[in-house]
There are 4 protein chains.
Amino acid sequence: MPTSRTNPGPAAAARNRSALLEAAHAVFAESGTAAPLSSIARRAGVGQGSLYRHFPDRVSLVAAVVEENVDELEAASAAGADLPDLLGLVTRHAIESVGVVDLLAEDRPRRMLQLRERVAAVLAAHHEAALAAGQVPQGATVEDLMLGVELVAGALTRRPAGERAAMAVRSWRLLGMAVALPEGVR
Amino acid sequence: MPTSRTNPGPAAAARNRSALLEAAHAVFAESGTAAPLSSIARRAGVGQGSLYRHFPDRVSLVAAVVEENVDELEAASAAGADLPDLLGLVTRHAIESVGVVDLLAEDRPRRMLQLRERVAAVLAAHHEAALAAGQVPQGATVEDLMLGVELVAGALTRRPAGERAAMAVRSWRLLGMAVALPEGVR
Amino acid sequence: MPTSRTNPGPAAAARNRSALLEAAHAVFAESGTAAPLSSIARRAGVGQGSLYRHFPDRVSLVAAVVEENVDELEAASAAGADLPDLLGLVTRHAIESVGVVDLLAEDRPRRMLQLRERVAAVLAAHHEAALAAGQVPQGATVEDLMLGVELVAGALTRRPAGERAAMAVRSWRLLGMAVALPEGVR
Amino acid sequence: MPTSRTNPGPAAAARNRSALLEAAHAVFAESGTAAPLSSIARRAGVGQGSLYRHFPDRVSLVAAVVEENVDELEAASAAGADLPDLLGLVTRHAIESVGVVDLLAEDRPRRMLQLRERVAAVLAAHHEAALAAGQVPQGATVEDLMLGVELVAGALTRRPAGERAAMAVRSWRLLGMAVALPEGVR
DNA sequence: GATGAATGAGCCTTCATTCAT
DNA sequence: TATGAATGAAGGCTCATTCAT
């Protein structure tokens with residue numbers, strides 16, 4: 001007897017994975033990283049079991065979301081963005097995936113550190129030019145840039161969606177770092 | 001099926017209240033503000049019911065913890081501390097009660113705003129002198145000081161206890177604000 | 001050292017008892033007989049302990065409320081009321097203390113049966129006259145009257161306050177028993 | 001700390017649902033509709049979570065129990081039962097599911113009213129014939145029949161199982177309505 | 001490989017009851 | 001004797017995780 005009803009079979013694997021990622025993105029942004037995993041599966045239109053197959057634990061899911069962001073960051077860098085653009089992009093990610101930071105912090109060792117290195121590498125590539133252009137404070141190191149990112153992202157966590165962009169702008173200004181928010185960030 | 005063992009009577013009231021506060025302090029610092037309330041009661045050696053009598057909801061408990069901190073801050077200010085001292089004190093509070101910020105942010109309306117105002121008032125009283133002494137960046141407003149506090153406190157949330165002091169020091173330096181950590185802050 | 005603060009001393013005993021009764025009356029009517037005993041104590045302005053001294057358990061309290069009603073019924077009978085008046089009075093009690101019936105039913109043996117006998121005696125005293133006046137169905141016995149009371153009172157339990165009087169009137173009519181609701185019963 | 005023992009898988013779904021219904025039936029009858037839901041789950045040999053999946057709240061469960069009864073009533077009507085038979089069936093339901101009435105009364109709006117209408121429709125279909133046969137008092141309307149049902153069912157709530165049948169019979173007689181209890185009703 | 005139901009641990013909250021003062 | 005805080009058992013509900021189909 002064949003599959004009775006709704007069982008798309010293996011073909012759905014890839015489709016499911018990306019639906020889950022997208023759903024996780026949205027749910028984490030709306031309800032924080034403590035949101036029920038079941039709500040992500042539901043939103044993705046996918047069974048609980050499939051969620052577990054693709055992402056064995058909560059952190060995997062968060063890491064995957066972050067990885068997408070880092071990919072995008074690297075792409076922007078390769079496409080010629082400058083430091084303010086890149087900080088703006090990071091800020092957008094922080095605004096949209098608020099809370100994702102929280103969770104990664106807890107399981108840092110493996111995944112997180114690699115991701116962090118990739119971000120640092122991107123920023124490092126623009127460090128010199130930014131210093132020269134006065135877009136960051138004199139004497140600021142790459143680690144300072146990373147610290148700035150962490151400070152800003154962390155603060156956004158505790159703000160309602162509507163206030164995040166303004167909060168980020170004020171924070172970057174206080175840090176003396178130039179940032180160019182992407183179009184459409186509210 | 002009520003009382004099973006001893007009933008210390010109302011005499012325990014004050015003792016219980018402070019035991020609960022202390023336990024909350026510790027538990028929130030260790031496990032964040034989402035920690036089980038039952039763990040706080042247990043750690044305080046107090047019944048669940050008593051916890052609820054003293055603090056009808058999670059936010060009451062958090063607010064009480066913060067209030068203690070603000071009291072201490074005002075006392076320090078009255079005792080002649082300068083801005084770096086006060087930022088140092090705030091930093092100690094942030095290090096020890098990490099996570100408390102989280103919860104207050106969500107229920108901001110009443111309690112939090114008042115507490116926030118009290119902190120702002122304390123910092124405002126030292127703003128002029130700090131500017132004159134070059135302890136904060138030129139042009140920094142009182143709101144900038146508050147933003148600095150928020151950025152630093154927020155970042156500590158995601159750090160294991162052992163790294164917090166160092167993280168705070170680096171952050172304050174990046175912000176260009178002088179801070180004098182109290183003795184014994186690890 | 002004398003009593004520190006609010007401790008009226010033994011003088012309050014009688015006062016407390018009646019305050020508790022009144023509060024119980026009101027609370028049972030509003031929230032049913034399952035209402036927290038603490039809410040009764042609070043409403044009476046009396047400590048929990050005192051409530052327990054006067055009424056060692058929930059049923060005692062209910063029984064006391066009912067006893068008041070029966071007293072009033074006997075008084076009305078002695079004052080010359082006829083059966084429809086008395087049924088009306090019983091109905092008022094049922095409307096106001098809805099739910100009291102429920103609880104008595106569970107602990108019937110002692111208290112309840114005695115109370116029940118007193119009601120039956122009152123109705124019996126008017127049975128003949130009521131039959132003669134056609135106020136009850138031909139052939140109705142005193143036990144039938146009691147059954148009627150039970151049916152009506154039971155049905156009111158499940159009705160919101162506003163509908164009870166109308167419900168009672170319909171029910172008595174269906175039972176073929178004349179009833180004269182007291183003034184002011186809504 | 002999730003599943004500890006066996007997980008029968010979805011195959012158990014239907015089995016669980018009916019086990020829950022049956023358990024609810026029994027528990028509500030024995031202990032009233034305020035009985036712990038956990039006791040129902042336990043009796044059904046089903047996890048707490050499954051109970052909540054099948055019946056998200058107490059009322060759902062009660063409604064499902066009542067619905068079964070109404071289904072049976074309609075079936076009996078379709079099968080040629082007359083009014084006394086149907087009242088007898090209703091009486092059996094009331095005897096066995098005592099207390100179910102209570103809960104429905106509180107959440108009347110949606111579900112209950114529909115169920116009530118279905119019962120009324122069944123009785124209405126036999127009203128004429130019953131009047132003609134003298135099985136109900138002259139002039140009794142369908143609403144009077146419904147009121148009778150409510151009075152009888154309500155009274156049974158407060159009686160121990162062993163006395164219910166006799167109580168019902170006396171009540172119906174007092175109401176002047178003929179009732180034929182099904183075989184085996186104790 | 002997907003599905004979705006089952007499971008039960010665990011947290012929150014309420015409340016009856018006791019008892020030191 | 002009154003007071004009111006303390007206590008903890010118990011019930012409601014949620015959710016991470018497993019697993020038969």
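Since the model is a prediction, treat every value here as computed from it, not as a measurement. Chain identifiers are assigned alphabetically (A, B, ...) following the order of the sequence lines, protein sequences preceding nucleic acid strands; residue numbering begins at 1 within each chain.
For the pair D:R42 CZ and F:dG11 C1', the computed distance is 10 Å after rounding to whole Å. In this structure, OH of D:Y52 is placed 24 Å from P of E:dG4, rounded to the nearest angstrom. Atom P of nucleotide F:dC15 and atom CG of A:L61 are separated by 16 Å, given to the nearest angstrom. For B:R17 and F:dG4, the CZ to P distance is 18 Å, given to the nearest whole Å. A straight line from CZ of D:R58 to C1' of F:dG12 spans 9 Å, rounded to a whole angstrom. Rounded to whole Å, the distance from CG on D:L37 to P on F:dT14 is 12 Å. In this structure, C:I40 places its CD1 atom 12 Å from P of E:dC15, rounding to the nearest Å.
A distance-only check finds a donor-acceptor pair linking the side chain of D:T157 to the backbone of D:G154 [under 3.5 Å]. Between the side chain of B:S31 and the main chain of B:F28, no donor-acceptor pair closer than 3.5 Å is present. With hydrogens and angles ignored, the 3.5 Å screen pairs a side-chain donor or acceptor of A:R58 with a backbone N or O of A:T33. A donor-acceptor contact shorter than 3.5 Å links the side chain of C:S39 to the backbone of C:P36.
Closest-nucleotide positions on DNA chain F for A:G49 and C:G45 were compared, and the one nearer the 5' end corresponds to C:G45. Remark on DNA chain E: of its neighbouring residues C:Q48 and D:L51, the 5'-side contact belongs to D:L51, judged by nearest-heavy-atom nucleotide. Both A:P36 and D:S38 lie close to DNA chain F; mapped to their nearest nucleotides by heavy-atom distance, the more 5′-ward contact belongs to D:S38. Looking at which nucleotide of DNA chain E each of A:R53 and D:V46 is closest to, the 5′-most match is held by A:R53.
Phosphate proximity of E:dA5 to D:R15: absent, as no side-chain N or O sits under 4.0 Å from OP1 or OP2. OP1 or OP2 of F:dA5 has not a single side-chain nitrogen or oxygen of B:N16 nearer than 4.0 Å. Note on B:H54: every side-chain N or O is 4.0 Å or more away from OP1 and OP2 of F:dA5.
As the counterpart of E:dC15, F:dG8 is assigned, both hydrogen-bonding distances of the Watson-Crick or G-U wobble pattern falling under 3.5 Å. Figure legend. E:dA20 is base-paired to F:dT3; pairs are counted as Watson-Crick or G-U wobble with both atom distances under 3.5 Å.
Heavy atoms of C:S50 sit under 4.0 angstrom from at least one base atom.
Checked for salt-bridge contact, A:R43 and A:E30 meet the test: a charged N lies under 4.0 Å from a carboxylate O.
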